[in-house]
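Worksheet: one structure, shown below.
Throughout, a chain's letter reflects where its sequence line sits, starting with A, and its residues are numbered from 1.
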There are 2 protein chains.
Amino acid sequence: MRETTSRSRKVGDQMVEQIKRWIIAGHVKPGDRLPKEAELLDIFGLSKGTVREALKSLEVQGLVTMRTGPDGGATIAAVPFDRTFQLLQNFFFFREVDLAQIYELRRLLEPELVAGAVPHITEETLRLLEASIDFCAPAAQGPAHALDQRAEDLHFHDILAEANPNEVLRFMCQALNEMLVRSVRLARGVQHDAAFGRANVVAHRKILEALRERDATRARALMLEHIIEAEDYVKRLRGEYLRSLVLESDGPPTIALTPAGRQKAKTATEADDAPPAPSGTRRKPRPT
Amino acid sequence: MRETTSRSRKVGDQMVEQIKRWIIAGHVKPGDRLPKEAELLDIFGLSKGTVREALKSLEVQGLVTMRTGPDGGATIAAVPFDRTFQLLQNFFFFREVDLAQIYELRRLLEPELVAGAVPHITEETLRLLEASIDFCAPAAQGPAHALDQRAEDLHFHDILAEANPNEVLRFMCQALNEMLVRSVRLARGVQHDAAFGRANVVAHRKILEALRERDATRARALMLEHIIEAEDYVKRLRGEYLRSLVLESDGPPTIALTPAGRQKAKTATEADDAPPAPSGTRRKPRPT
DNA sequence: CAATCATATTTATTATGATAATTATTCGAT
DNA sequence: ATCGAATAATTATCATAATAAATATGATTG
């Protein structure tokens with residue numbers, strides 16, 4: 001009886017697949033808009049809740065963005081990097097990832113990244129790289145500034161990644177950089193070595209020079225040296241895991257839950273833990 | 001007035017974040033169960049539809065799995081590889097990725113992957129690798145069998161990845177392999193070179209031998225050679241892009257949509273295209 | 001007593017309609 | 001012409017009920 005569409009048993013998921021097929025077939029491209037909610041109800045013959053769930057799925061996957069208001073609705077989007085990174089971070093959250101592993105990857109990828117970027121370096125790229133170095137060059141004025149400089153150090157590599165035409169390599173390097181940026185943010189209060197910053201500036205300057213001369217081989221060698229040096233610094237500073245899910249808001253938890261009251265969440269200053277019902281225990285049945 | 005929780009405007013997303021915080025804080029771990037739907041309504045003070053959307057979001061992200069029936073509900077899950085790969089594939093769909101780019105990455109990563117795996121190779125691993133080679137060794141009996149052998153060639157590398165303790169490297173290599181497997185599947189009908197399969201078997205045998213002797217350096221060198229050789233073969237065979245969103249079902253489209261009828265979708269044998277309302281056009285309003 | 005089928009119960013999913021919130025557009029006043 | 005308020009279009013949320021799925025339980029039968 002239920003065999004008409006045995007594929008994915010949930011109708012909403014089938015709708016998601018169908019829309020994906022539209023995208024694959026080229027019927028809709030980024031920037032195009034899906035029919036509005038009411039029309040989707042008719043087209044798919046599903047209820048509002050189901051359609052809404054399907055749209056939510058597409059939104060979470062980064063394939064559409066939703067807007068309210070007139071002319072609102074679902075717009076097809078090229079999946080943005082941030083969204084993909086978030087989902088990747090979800091994956092790594094449950095696995096043991098440490099800085100050594102990330103640097104092992106960077107050691108393999110970054111040299112090739114810069115070498116492959118050389119033919120595509122523009123004057124604009126060189127300007128951006130120089131600006132990045134300039135930001136990191138002066139001695140840090142306070143710990144917050146030092147952290148900003150560390151983040152900018154990593155941004156230097158992002159700029160390089162942009163210049164490399166290999167989309168996969170680019171994504172991987174940027175993802176690694178983003179992981180490191182977040183580990184820097186999480187490391188507030190950790191003592192940062194001023195010598196580390198200076199070493200980065202020196203290394204980046206050398207790399208920039210090689211880029212100006214369009215010397216891919218030298219750029220690759222310098223980058224390898226740079227990563228190995230940075231790896232050494234970072235390993236000495238701190239070796240802890242970096243484990244976090246990506247939240248939209250980085251700030252402290254804001255919602256204190258009132259487990260039974262059916263009243264709006266309110267701001268909390270001290271604790272966020274509204275631990276869920278311990279699995280296995282039974283709560284008292286609520287009255288009908 | 002709406003400033004109590006100005007973070008992410010949508011309350012459903014706030015609920016998702018809150019549950020992520022539970023996970024981060026260690027209040028819930030994979031295998032634990034979330035309170036059932038009715039309880040979540042009370043806990044968060046939200047309506048059913050909103051809670052349902054939030055759970056859908058978590059499900060799409062791979063953080064929970066949903067089950068029906070008594071004792072059903074949402075179970076926290078370690079995000080599985082397949083889910084993450086799907087989302088990664090969404091990202092690359094909108095970007096120009098070709099086989100050359102993937103092989104450039106493999107050339108960098110696979111040698112290190114096998115070298116790093118050497119200390120962790122068990123007898124069981126060796127057995128699995130040998131079985132994989134044995135499957136690919138005999139001459140292919142028909143084109144379907146040849147494709148299966150190509151997929152198994154890649155599985156050889158997956159087995160190696162399993163033995164490497166670097167989770168990030170592992171993920172990247174497996175993702176690359178999975179992309180190639182899919183490109184093989186998409187390439188039905190393409191002429192496959194029997195010599196390619198034989199060369200793979202030879203290379204895999206050599207690598208296996210180095211692994212038995214726990215010779216990381218030789219394994220690395222052999223792998224590099226192997227990837228370069230494979231890259232050559234593949235480049236000559238076909239250079240097309242591999243572009244596809246990952247669908248739950250790989251089969252042909254099954255749902256023909258009845259745009260206005262508000263009747264259940266039914267199986268279609270010929271065509272899937274129910275192109276969405278061209279953006280901008282107006283459909284006739286449906287009767288209330 | 002064991003196995004099997006029917007039935008009840010719990011939960012998930014779908015369905016429908018109403019209300020609130022959000023935003024582009026339009027119109028009016030300065 | 002510019003700014004701002006009213007308006008209209010559309011999604012977001014809420015509420016409730018009906019339907020379907022899954023499992024445990026108990027009756028029935030060999």
Side-chain angles (χ1 to χ4, degrees), chain A residues 1-6 8-16 33-60 64-75 262-265 277 279-288, chain B residues 1-16 33-60 64-75 261-265 277 279-280 282-283 285-288:
Chain A
M1 177 51 74
R2 178 121 261 295
E3 291 311 308
T4 48
T5 56
S6 65
S8 7
R9 42 209 184 301
K10 293 200 250 190
V11 182
D13 290 344
Q14 292 175 18
M15 173 176 164
V16 170
R33 315 253 298 286
L34 289 182
K36 59 184 161 199
E37 212 172 88
E39 288 173 357
L40 287 173
L41 294 198
D42 276 358
I43 293 174
F44 285 89
L46 300 174
S47 72
K48 176 146 42 185
T50 308
V51 168
R52 197 131 247 300
E53 255 183 53
L55 290 173
K56 186 72 182 180
S57 172
L58 290 167
E59 190 188 25
V60 171
V64 308
T65 60
M66 304 291 298
R67 280 202 337 269
T68 79
D71 211 38
T75 304
R262 176 61 71 105
Q263 38 200 342
K264 275 294 186 186
S279 43
T281 64
R282 287 262 167 255
R283 281 167 172 260
K284 63 173 187 294
R286 65 193 182 119
T288 42
Chain B
M1 182 52 67
R2 174 123 267 293
E3 291 310 308
T4 49
T5 56
S6 65
R7 224 52 79 146
S8 1
R9 342 173 255 322
K10 294 200 251 191
V11 294
D13 291 344
Q14 293 175 19
M15 173 176 164
V16 169
R33 316 254 296 283
L34 255 47
K36 56 186 161 195
E37 212 172 89
E39 288 172 359
L40 287 173
L41 295 197
D42 278 357
I43 293 174
F44 285 90
L46 300 174
S47 74
K48 195 162 191 162
T50 308
V51 168
R52 195 130 251 298
E53 259 184 48
L55 290 173
K56 186 71 185 180
S57 171
L58 290 167
E59 191 188 23
V60 170
V64 307
T65 58
M66 305 289 297
R67 279 205 336 271
T68 79
D71 212 40
T75 305
R262 178 58 72 101
Q263 36 199 343
K264 277 292 187 188
S279 39
R282 288 260 167 259
R283 281 170 172 259
R286 66 193 179 119
T288 44

Listing time: all N or O pairs from protein to nucleotides 18-20 of chain C that are below 3.5 Å?
from   : atom 1 : to      : atom 2 : distance (Å)
C:dA18 : N6     : A:Lys48 : NZ     : 3.3

Next on the checklist: To check you understand the geometry: which heavy-atom pair defines the closest contact between A:Ile43 and A:Pro35, and what is its length?
Outcome noted: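 For A:Ile43 and A:Pro35, the tightest heavy-atom pair comes out as CD1-CG, 3.8 Å.
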Next on the checklist: Tell me the closest heavy-atom pair linking B:Ala54 and B:Gly12, and the distance in Å.
Outcome noted: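 Scanning both residues completely, I find the closest heavy atoms to be CB-O, 3.6 Å.
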d([atom1], [X]; [atom2], [N]) in whole Å:
| X | N | atom1 | atom2 | result |
| --- | --- | --- | --- | --- |
| A:Leu34 | D:dT11 | CG | C1' | 14 Å |
| A:Asp71 | C:dT22 | CG | P | 19 Å |
| B:Phe44 | D:dA15 | CZ | C1' | 19 Å |
| B:Lys56 | C:dA12 | NZ | C1' | 12 Å |
| B:Asp13 | D:dT11 | CG | P | 17 Å |
| A:Glu53 | C:dA12 | CD | P | 12 Å |
| B:Leu55 | C:dT13 | CG | C1' | 12 Å |
| B:Met66 | C:dT14 | CE | P | 11 Å |

Are any of [X]'s side-chain N or O atoms less than 4.0 Å away from OP1 or OP2 of [N]?
| X | N | value |
| --- | --- | --- |
| B:Thr50 | D:dC14 | yes |
| A:Thr68 | D:dT11 | no |
| A:Ser47 | C:dT14 | no |

Checklist entry - For A:Ser57, which residues count as a side-chain contact (heavy atoms from CB on, under 4.5 Å) partner, sequence neighbours excluded? => result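 By the side-chain contact (heavy atoms from CB on, under 4.5 Å) rule, A:Ser57 matches A:Val16, A:Gln61, B:Lys56, B:Val60.
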Next on the checklist: So, using side-chain contact (heavy atoms from CB on, under 4.5 Å) as the criterion, who are the partners of B:Thr65 when residues are at least two apart?
Outcome noted: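 B:Thr65 satisfies side-chain contact (heavy atoms from CB on, under 4.5 Å) with B:Thr75, B:Ala77 once adjacent residues are dropped.
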Item to check | 5' precedence on DNA chain D between A:Gly69 and B:Gly49 (nearest-nucleotide basis) | outcome: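 The answer here is A:Gly69.
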Checklist entry - Stepwise, does the side chain to side chain contact (heavy atoms under 4.5 Å, CB included) test hold for B:Val64 with B:Met66? => result CA-CA 7 Å; B:Val64 307; B:Met66 305 289 297; 4.2 Å; yes
Next on the checklist: On DNA chain C, compare the nucleotides closest to A:Pro70 and A:Gly12; which residue's is nearer the 5' end?
Outcome noted: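 Whichever sits nearer the 5' end wins; that is A:Gly12.
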Measure the [atom1]-[atom2] distance between [X] and [Y] for me, rounded to the nearest 0.5 Å.
| X | Y | atom1 | atom2 | result |
| --- | --- | --- | --- | --- |
| A:Asp71 | A:Lys36 | CG | NZ | 9.5 Å |
| A:Met15 | A:Leu55 | CE | CG | 5.0 Å |
| B:Asp13 | A:Glu59 | CG | CD | 6.5 Å |

Next on the checklist: Base, sugar-phosphate or nothing for B:Arg67? Non-hydrogen atoms, less than 4.0 Å.
Outcome noted: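 B:Arg67: backbone/sugar contact only, no base atoms under 4.0 Å.
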Checklist entry - Looking across every strand, which nucleic acid part, if any, lies under 4.0 Å from B:Glu37 by heavy atom: base, sugar-phosphate, or nothing? => result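 Base contact - B:Glu37 has a heavy atom under 4.0 Å of at least one base atom.
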Checklist entry - Given axes from five pairs at either end, by how many degrees does the helix from C:dC1-D:dG30 to C:dT30-D:dA1 bend, rounded to 10°? => result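 Taking five pairs per end, the axes differ by 0°.
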Item to check | Candidates C:dT13, D:dA12, D:dA8 - which lies nearest the side chain of B:Arg52 | outcome: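 Of the candidates, C:dT13 comes closest.
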Next on the checklist: Closest approach to the side chain of A:Leu46, judged atom by atom: which nucleotide of D:dT13, C:dA15, C:dT10 is it?
Outcome noted: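 Closest nucleotide to the A:Leu46 side chain: C:dA15.
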Checklist entry - Who are the salt bridge (Lys or Arg N to Asp or Glu O under 4.0 Å) partners of A:Glu37, not counting sequence neighbours? => result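 For A:Glu37 the salt bridge (Lys or Arg N to Asp or Glu O under 4.0 Å) partners, ignoring immediate neighbours, are A:Arg52.
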